Amino acid sequence: MEKDGDLMQGTLDMLVLKALARGAKHGYSVAEWIHESSNDVLHVEEGALYPALHRLELKGLLAAEWGASENNRRAKYYSLTATGRKKLAEEAEYWRRMSGAIARVMQTA
Amino acid sequence: MAANVRGDRESDADSLRQRAEKKDHGGVESVTENAMSYWMRVKALFKRQQLDRDLGDELAFHLAMREAKNRERGIEEQEARYAARRQFGNITRIKEACREAWSFVSLETTWRDLRYGARALAKNPGFTAVAVLATALGIGVNTGIFSVLNGVALKLLPVPKANQIVSVDQILHGKFRRNLHGESGLFSYSEYKNYRANNHVFSGLLAYAPFLEATLGGDSPKQMMGAETSCNFFDVLGERPALGRTFVDADCRAPGASPVVVLSDDLWRTRFGADPTIVGKSVSLNRGTFTVIGVAAPGFRGLDPWPSAFWAPVMMQKALEPDADLLLDDNTAWLALLGRMRPGVSLEEVRAELGVIAGRIDQQYPGRTTTLVIHRATFMGRPEERSVVFGIGTVVLAAVGLVLLIACANVANLLLSRASSRQKEIAIRLSIGGSRWRIVRQLLTESLLIAFLGGMLGSLIAFLSLGSIARSVLAHLPIGAPQLVWNVSPDLHVWGYSLLLTALTGIVFGLAPALHATRQDLSTAVKGESGGLTGKAHGGKLRSTLVGVQVAVCMVLLISAGLLMRGLYLAQTVDPGFEMKGITQAQFDLPSQGYNLARAQAFQRELLALVAALPGVDQVEQAHVTPLSHQFLGTGFTLEGETENRQFEFNVVSPGFFAMLGMPIVQGRTFTAAETRSNAQVLVVTESTARKLWPGQDVIGKKLQGWEKKVYQVVGVVRDSQASHLGQSDGLFFYVPAGPEEQDRLQLLAHSKGGDAANIQGIREAMHALDPNLIVGVAKLADNLETWRTPSRIVAALSGVLGALALLLASIGVHGVVSYGVSQRIREIGIRMTLGADGRDVMRLVLRQALRPVVIGAIVGVIGCAAVSQVLSDVLYGIGSHDPIAFIGVPVFLLGVAFLASYIPARRAVRVDPVVALRYE
């Protein structure tokens, strides 16, 4: 559904930034990390992940570097830039506020 | 519960970016993010291939990891790979999305479309050539015409900072009396001084008299056009002289005080051999001596389309035009006004302030209100000229616009044919999810490419040939007409118009085929069937409509051309109501050559005697203006018993004038010799005048009050004729006798039974014998008719050319469509012939289908033209706007041509070998 996709996309950026907060990852491990961290609830499709990664790289929130992976294959590793870290903090704060507010609304009978 | 974060269905990075950006809630951050994005993408422009490779590697890596994971889970190798692929999704689409994120989508798409389009066009040189040529034809003609109109009426004056210069004209309403020495919107000298002294919006206001003809004396006297100007003329315009100086205020101190003149560069070079010591020398203008004080800069030719050869201070007006003292008359219109606005002043302020001054002037003339027309100064800027130019210009632009429309329809048809051969490709693209808009955009880019190629070609040809065309047209103007100088070189206006027209053209002929090609029945297209057995060729209806449109428009143009040509033919044979055969006219202006009344009387006496004595001459008469000579005399006379005067046209003639010109006197008589000799106050009026002023009464003896309050009596009524304006014979007109007091104004008419040519030579010699320095124009009276015919001749020629163009384009269009239709239906034709149809049946089938849109278009065209012809009948002489010959002859002609254009491919269809046709793919 268009609506779901919309909301998810903006939030996806935030999740990707969070995934990279602990260090550089390649695209596959970002998807795996989100999957595991959400207790298998969130499954990011490649069709959304890679455009998101590239978009964030274009905006200067991520830096990219080619390196060797665990099994000695060539892989592209993404890491957060300083701007990216700042953006992550902002997005996280915004999300906290939003979700808190929504939760409060839903709690009233 | 699991939630999938899905990618977008449309792999359109722009909208992805846009929606992501909408989520940004920090304004400043998105600006830096956008800037960064731009910068990164610019860097990536040069590393396209590297980017692609990296992307491929990145996704391949992900795929491999997934495959490995699947194998870990225990799925066997082959299945693991397939499962990984399936989970991954559409690799190509993902790659597209990422690639697009890195590109400047619009720019790159456009660039790609352009390259693709260029390649496609190069692969089909025949199609491209025809399309480009048709477009070039249409756009070239339009650009050419617009250049001419631009040069004539839209360009600012060729002076420094011309956008500050405004022209001021006036329109008078209500009851008033006004003497006209030129157009009605001009000002008197006192009015000019009023405006000049009382305004605060102009840094300078100049006045000049536009139509000054003077004879330059010397060894071979010559007549030239010049202008009397206020002494700030050159200063306001910002024109510095090339030699010497221009006028100063002292030159306009008092009338006649400062006989100085500034020469034009052309005159200085042609007449005075570019003499570097010309300043301070004397020249003779209208037999008066003037001192040359300067030479204008090369390229400055005055403020009108006809070049001025000299400029003299306005104070010298009486010296240059001895029979009128215009400086003193407050109520004579003879000066054109131009002002240079102060910086920071707007046009509204100018209009407001000058309007106040006009109101104050009106108070001196109760019953009169003046409105001012003020706008940026251009050539032909005065209201009367402007309305003529705009009127003609609109009609001409409409006509060439129609030609362009036909060309567009042609190219659209071509594009339709080509698109249908790419049906398969387009269908496949659409079916795998390509966006319709993208394909339309690509097709449109191709169309715009054709349009720009054609537009450039057409415009270039127009600009290159315009100069020579303009020159040849001007060379063919009759001798009396002034030598116009038109700058038709392209400037910003023209380029802008050309570009806009090109873009519009590309969209007009590209949009319909593009939309049509992308809206289709996918299954049949993919299967490759071209319309099947029903014979409805793909896009048939659209094609037929286009043909119909072409034919309709062509019909309108051809009928209009036909009407105009008929108008010309009739104008050639129109009977102006008087006899011109065998009559020679001698035109000369004695006062400007220094003749006073006594000398003029003596001169005329001798001249009449000399000419009458020439062999073959059997009658000699005098007239102030000769018929149809574009000279008009007007004045106001009052009817007996009325207080308001009416405007009359008049002429001063000797008694035998009417007989010589074959104008019968229907009541009363012409002047007697005695009346003529004694300057008696008698009149001969025309029939219409009699009818209008004294309906139903006996006109002889009626009185009119005129000059110096003298009362004039009607002694005769002459039949109406078109003596002053061709096509008009019912204005108020009277004749007065050519007495001794008038002798210095009169010109000569001589009739001879033999040839005119001998007459001309004889008269010239006679005049030369009397006064070798006199400028005189001797010609056949019938030549005057030529000047009246020239406009319609030019118009007819132009419309003939356009009509021919339209016909050519339309025939090509019809031929193309029918050929295409035939080739589409080859299979069907083959089947029919196998089933027993013979050649004639096939022919009939093809022709009937081909000619249906043609006939419909023709009918629409005829109806459309009936509406248009109302407009045209203003330009025509005496042609009814529903001239049957044009309205019947042209459609028949056009249908004949269309039939021929359809016949040729139809015959080809008949010759088809059924076996070959059945196998035709």
Side-chain angles (χ1 to χ4, degrees), chain A residues 1-2 4-16 26-32 34-35 38-61 64 66 69-71 73-78 81 83-84 86-87 90-91 93-94 97-98, chain B residues 1-13 16-17 19-26 29-30 32-41 43-44 51 53-55 57-66 68-69 84 87-91 93-103:
Chain A
M1 258 192 306
E2 203 73 1
D4 272 346
D6 240 358
L7 186 59
M8 275 297 123
Q9 200 196 81
T11 321
L12 174 62
D13 283 3
M14 182 178 70
L15 294 175
V16 167
H26 51 63
Y28 183 75
S29 26
V30 169
E32 285 290 292
I34 294 177
H35 191 62
S38 68
N39 280 342
D40 292 355
V41 171
L42 294 177
H43 175 68
V44 185
E45 290 187 355
E46 287 76 356
L49 175 68
Y50 280 99
L53 283 169
H54 282 259
R55 216 172 41 241
L56 292 171
E57 183 189 348
L58 275 172
K59 286 195 190 165
L61 302 173
W66 282 89
S69 74
E70 305 87 43
N71 42 7
R73 301 176 77 102
R74 191 165 173 263
K76 190 173 180 190
Y77 285 85
Y78 293 92
T81 61
T83 333
K86 208 161 48 144
K87 181 80 179 196
E90 282 164 16
E91 292 289 310
E93 174 58 35
Y94 183 74
R97 257 192 303 133
M98 277 296 126
Chain B
M1 181 201 69
N4 277 357
V5 184
R6 252 181 255 110
D8 292 282
R9 240 170 26 93
E10 294 232 2
S11 54
D12 191 316
L16 273 180
R17 236 202 309 277
R19 277 190 282 178
E21 270 142 27
K22 256 190 273 184
K23 291 281 147 236
D24 289 335
H25 12 266
E29 285 96 308
S30 11
T32 34
E33 279 169 17
N34 280 339
M36 187 67 181
S37 168
Y38 251 74
W39 173 232
M40 300 276 279
R41 282 185 280 162
K43 277 200 290 184
L51 192 73
R53 247 180 297 146
D54 286 350
L55 200 51
D57 286 348
E58 192 178 358
L59 294 179
F61 172 77
H62 189 120
L63 197 59
M65 296 290 280
R66 222 183 248 287
K69 179 102 178 273
Q87 278 171 303
F88 205 89
N90 188 342
I91 299 189
R93 185 101 61 80
I94 299 175
K95 261 203 215 165
E96 272 279 309
C98 292
R99 214 180 286 136
E100 280 180 7
W102 278 90
S103 62

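Chain letters run A, B, ... following the sequence lines, proteins first, then strands; residues in each count from 1. Values in this document were obtained by computation on a predicted structure and should not be read as measured data. As a basis for the values below, the full set of heavy atoms in this structure was taken, side chains included, without hydrogen atoms, waters or symmetry mates.
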Task: Side-chain heavy atoms of A:E32 within contact of B:M65, under 4.5 Å - done: no
Task: Gap between atom NE2 of A:H54 and atom CG of B:L51 - 0.5 Å precision - done: 7.5 Å
TODO: Write down the atom of A:P51, the atom of B:C98, and the distance for their closest heavy-atom approach.
DONE: N-SG, 3.6 Å
Task: Verdict with supporting geometry, A:K76 and B:D54, side chain to side chain contact (heavy atoms under 4.5 Å, CB included) - done: CA-CA 8 Å; A:K76 190 173 180 190; B:D54 286 350; 5.6 Å; no
- [ ] List the steps, then state whether side chain to side chain contact (heavy atoms under 4.5 Å, CB included) holds for A:T83 with B:M36.
- [x] CA-CA 11 Å; A:T83 333; B:M36 187 67 181; over 6 Å; no
- [ ] Indicate the atoms forming the closest heavy-atom contact of B:A101 with A:L58, along with that distance.
- [x] O-CD1, 2.7 Å
- [ ] Pick one of side chain, backbone, both or neither for B:N90, based on which atoms fall under 4.5 Å of a heavy atom in chain A.
- [x] neither
Task: Listed partners of B:A84 passing side-chain contact (heavy atoms from CB on, under 4.5 Å), at least two apart - done: B:L63, B:R66, B:E67, B:N70
- [ ] Work out which heavy atom in B:F61 is nearest to a heavy atom in A:R74; give both atom names and the distance.
- [x] CD1-O, 3.8 Å
Open item on the list: Report which part of A:L61 has an atom under 4.5 Å of a heavy atom belonging to chain B: side chain, backbone, both, or neither.
Closed with: side chain
Open item on the list: If I measure from the heavy atoms of chain B, does A:E57 come under 4.5 Å with its side chain, its backbone, both, or neither?
Closed with: both
